[in-house]
2 protein chains.
Amino acid sequence: MTNHTYRMEKQLLLLGLIRQRSRHGYEMVDYIETALASCVDLKKPTAYFLLDKMTATGWLTQTDQREGNRPSKRVYELTPQGEDEFQRLLQENLATFNDATFPGDIGVIFADALPRAEALELLARRRAALIARQTEVQAAPPHPGVLQWTVEHVRCHLTADLGWLDNVINDLSKRGE
Amino acid sequence: MTNHTYRMEKQLLLLGLIRQRSRHGYEMVDYIETALASCVDLKKPTAYFLLDKMTATGWLTQTDQREGNRPSKRVYELTPQGEDEFQRLLQENLATFNDATFPGDIGVIFADALPRAEALELLARRRAALIARQTEVQAAPPHPGVLQWTVEHVRCHLTADLGWLDNVINDLSKRGE
DNA sequence: TTTTCCATGTAACTCGTTACATGATTTC
DNA sequence: GAAATCATGTAACGAGTTACATGGAAAA
């Protein structure tokens, strides 16, 4: 019964946003890409597809609204079944721990295939990108309410990652001395 | 020219393993699933597909070997072009920083849709899963050579994640007091 | 003797993306 | 008048998975 795809998270997110107040697709995608990019990566076609699907399933209702002369919006609201599904997905999401994978480790594994100086220079570039991301996060204005948690999450993982990377760089530069 | 898909990592990994010594598909998939699961998630059909593709592209050569009465193995070796491609992919991988996404944060964002006690209980389950993973990593026998870095990476991210999660649980339980 | 392991593969499917199409409206 | 923004969608493709098929050999 439980549908263990990563699509779950995206559905949960859309349902949750609509649950807060009725919204239309464009608005949600925009919000997600700016404020929630650290949580999920949800593109327009996926969003529209999921909204259509969830409407067909009976979790959402559509209403076309046109304000002034703007293009008409397709505004969504939660049905009782939608609320049930939201609760189910929320419970599962809260109780589940997702562990990450680290594709960047593959390069580290084979680093000794390169001259040490070159490997260290490339890792220095990786480090610079990490730092850039870190200052970007640090510079971001404080997010309202619970959203601050997501910022905090990114921040703490970047710190951990930097510590690990510095260890790797250190070990590599000291090897064979 | 640069092909920015996540398939890159998988190709780099296969090329790197074959570069160390000639290997066959089954062997590599087995090794990846046991020793390198924290880096990439590579399933059999994907591996066989990529090995075929890279052979067709001219990065690998195949040789069928049969030891004793065992089913014959398709053993791969790197061509000069394969070595070039390996170098290219390795350089790109080492210089690139991948930031993670946290789908588990979505639940946290909507946690106040649940009675606080229930939310806390669900997060406690998530925490338990994290701890279980942590002890599993701690209990693992020391990995040889550079592989220890990947273990260390997982370990340090689990620690960071636990710290963050405890903060969330703490904040949530203290709210409105 | 049945199950597990070794070893390779294929077909169908799901998920998600990119790139495109449409059209009005506001801003430069 | 051109470009960016608001708003919705489709078609084609890419990546990867599950489930299946095959067949021999070793272990239980």
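Residue numbering restarts at 1 for every chain, and letters A, B, ... go by the order of the sequence lines. Values reported hereafter were calculated over all heavy atoms of this structure, with side chains retained and with hydrogens, waters and symmetry mates removed.
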Legend entry - Side-chain N,O (Lys44(A)) to OP1/OP2 (dG16(C)) below 4.0 Å: no
Legend entry - Interatomic distance, Phe97(B) atom CZ to Asp161(A) atom CG [nearest 0.5 angstrom]: 5.0 Å
Legend entry - Basic-acidic side-chain contact under 4.0 Å: Arg127(A), Asp166(A): yes
Legend entry - Whole-Å gap separating C1' (dG14(D)) and NZ (Lys43(A)): 14 Å
Inset, instruction - Give, ordered by number, those residues of residues 21-36 of chain B having at least one heavy-atom distance below 4.0 Å to an atom of DNA chain C; if nothing qualifies, reply none. - result: His24(B), Gly25(B), Tyr26(B)
Legend entry - Rounded interatomic separation in angstrom, taking CG from Leu50(A) and P from dG16(C): 7 Å
Inset, instruction - Give the minimum heavy-atom separation between Tyr76(B) and His24(B), together with the two atoms involved. - result: CD1-CA, 4.4 Å
Legend entry - Shortest non-hydrogen contact between Val137(B) and Val154(B), atoms and distance: CG2-CG1, 3.9 Å
Legend entry - N or O in side chain of Thr46(A) less than 4.0 angstrom from dT17(C) OP1/OP2: yes
Legend entry - Any side-chain donor near an acceptor of the partner, Glu85(B) and Gln81(B), under 3.5 Å: no
Inset, instruction - Considering only NZ, NE, NH1 and NH2 on the basic side and carboxylate oxygens on the acidic side, decide whether Glu27(B) and Arg21(B) come within less than 4.0 Å. - result: yes
Inset, instruction - Please check the phosphate of dT8(C) (OP1 and OP2 only) for any side-chain N or O of Tyr48(B) closer than 4.0 Å. - result: yes
Legend entry - Nearest-Å distance for atom pair CZ/P, residues Phe49(A) and dT10(D): 11 Å
Inset, instruction - Figure out the CZ/C1' separation between Arg7(B) and dG14(D), and round it to whole Å. - result: 7 Å
Inset, instruction - Could you state whether Met54(A) and Val29(A) fall into the same hydrophobic cluster, counting links through intermediate Ile, Leu, Val, Met, Phe, Trp or Tyr residues with side-chain heavy atoms under 4.5 angstrom apart? - result: no
Inset, instruction - Could you pick out which residue, Asp41(B) or Gln62(A), lies toward the 5' side of DNA chain D when each is mapped onto its nearest nucleotide? - result: Gln62(A)
Inset, instruction - Measure from OH on Tyr76(A) to P on dA7(D) and round the result to the nearest Å. - result: 13 Å
Inset, instruction - Specify the separation, in whole Å, of atom NZ of Lys73(B) and atom P of dG9(C). - result: 14 Å
Inset, instruction - Take atom CZ of Arg74(A) and atom C1' of dG9(D), then tell me their distance rounded to the nearest Å. - result: 9 Å
Inset, instruction - Please report, rounded to the nearest Å, how far the P atom of dA7(C) is from the CG atom of Asp52(B). - result: 17 Å
